[in-house]
Engineer: 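Structure incoming, see below.
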Amino acid sequence: ARRPNSMNNYGVVVNEIGMEPMLHRLQKDFLQQIAHEFFPGPGSMFDRHHSFVVRYKVGEDLGLDMHTDDSDVTFNICLGLDFKGAGLRFCGDQGSKDHRFASALYFHEKGRCVVHR
């Protein structure tokens with residue numbers, strides 16, 4: 001099976017296991033409206049999705065570096081068990097010269113979703 005993205009080695013692209021129609025409907029009926037409310041304007045109208053699940057486990061995928069998602073809007077949903085670690089750090093505006101110095105750290109909680117650009 002194909003890796004979910006260029007950074008994670010453990011996971012699955014859910015479109016490749018028969019879930020694309022369900023996720024397309026979720027995107028069309030719910031996620032599109034949420035994204036448009038948070039981020040109106042260019043990039044708030046979806047035409048496709050790359051949906052995947054990754055597994056985080058002690059000793060695996062140790063070097064996940066700072067990156068920018070290749071998407072107009074990202075929905076990070078914590079489906080897993082209760083755990084510690086795996087914080088998600090957000091930097092300032094990418095176009096600014098000091099964007100790496102301004103940051104906020106989010107810790108995932110089971111059942112919660114973070115919507116970001």
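Since this is a predicted model, take the numbers as computed values, not measurements.
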Engineer: Run the side-chain contact (heavy atoms from CB on, under 4.5 Å) check on D61 and M7 step by step: do they pass?
Structural biologist: CA-CA 8 Å; D61 286 338; M7 295 183 68; over 6 Å; no
Engineer: Between P4 and V13, what is the shortest heavy-atom contact and its length?
Structural biologist: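 The answer is CA-CG2, 3.8 Å.
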Engineer: Roughly how far, to the nearest 0.5 Å, is the NE2 atom of H36 from the CZ atom of F46?
Structural biologist: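 Spacing of CZ (F46) from NE2 (H36) equals 11.0 Å.
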Engineer: Quick one: side-chain hydrogen bond (donor to acceptor under 3.5 Å, both in side chains) partners of H24, sequence neighbours excluded?
Structural biologist: none
Engineer: Taking side-chain hydrogen bond (donor to acceptor under 3.5 Å, both in side chains) as the test, write out the residues that go with S103, two or more places apart.
Structural biologist: R89
Engineer: What distance separates N5 CG from F52 CZ, expressed to the nearest 0.5 Å?
Structural biologist: 4.5 Å
Engineer: For the pair E20 (side chain) and V14 (backbone), establish whether a donor and an acceptor sit closer than 3.5 Å, ignoring hydrogens and angles.
Structural biologist: no
Engineer: Do V54 and Y10 share a hydrophobic cluster (ILVMFWY, side-chain heavy atoms under 4.5 Å, transitive)?
Structural biologist: no
Engineer: Looking at side-chain heavy atoms only, is the closest gap between N9 and R3 below 4.5 Å?
Structural biologist: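 SC-SC contact between N9 and R3 confirmed.
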Engineer: Side-chain heavy atoms nearer than 4.5 Å, only ILVMFWY residues, links allowed to pass through others: does that put M19 and L26 together?
Structural biologist: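 Yes, one cluster joins them.
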Engineer: Table please: side-chain donor-acceptor pairs of residues 110-117 below 3.5 Å, with sequence neighbours left out.
Structural biologist:
unit_1	atom_1	unit_2	atom_2	d
H116	NE2	N76	OD1	2.6
R117	NE	D72	O	3.4
R117	NH2	P42	O	2.9

Engineer: Does any pair with a residue in residues 49-59 pass salt bridge (charged side-chain N to carboxylate O under 4.0 Å, His left out), and if so which ones, sequence neighbours excluded?
Structural biologist: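 Non-adjacent pairs meeting salt bridge (charged side-chain N to carboxylate O under 4.0 Å, His left out): R55-E60.
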Engineer: Does atom CZ of F90 have more than 12 heavy-atom neighbours, drawn from other residues, nucleotides or ligands, at distances under 6.0 Å?
Structural biologist: yes
Engineer: Listed by chain and number, what are the side-chain hydrogen bond (donor to acceptor under 3.5 Å, both in side chains) partners of N15, not counting sequence neighbours?
Structural biologist: none
Engineer: For the residue pair F39 and V73, establish whether any side-chain heavy-atom pair is separated by less than 4.5 Å.
Structural biologist: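 Yes, side chains in contact.
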Engineer: Between L31 and M45, is there a shared hydrophobic cluster once you connect ILVMFWY residues whose side-chain heavy atoms come closer than 4.5 Å?
Structural biologist: no
Engineer: With a 4.5 Å heavy-atom cut-off, do F107 and L88 have their side chains touching?
Structural biologist: no
Engineer: Taking salt bridge (charged side-chain N to carboxylate O under 4.0 Å, His left out) as the cut-off, I'd like each qualifying pair that reaches into residues 28-54, sequence neighbours left out, listed once.
Structural biologist: R25-D29
Engineer: Rounded at 0.5 Å granularity, tell me how far NE2 in H50 sits from OG1 in T74.
Structural biologist: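 Those atoms lie 10.5 Å apart.
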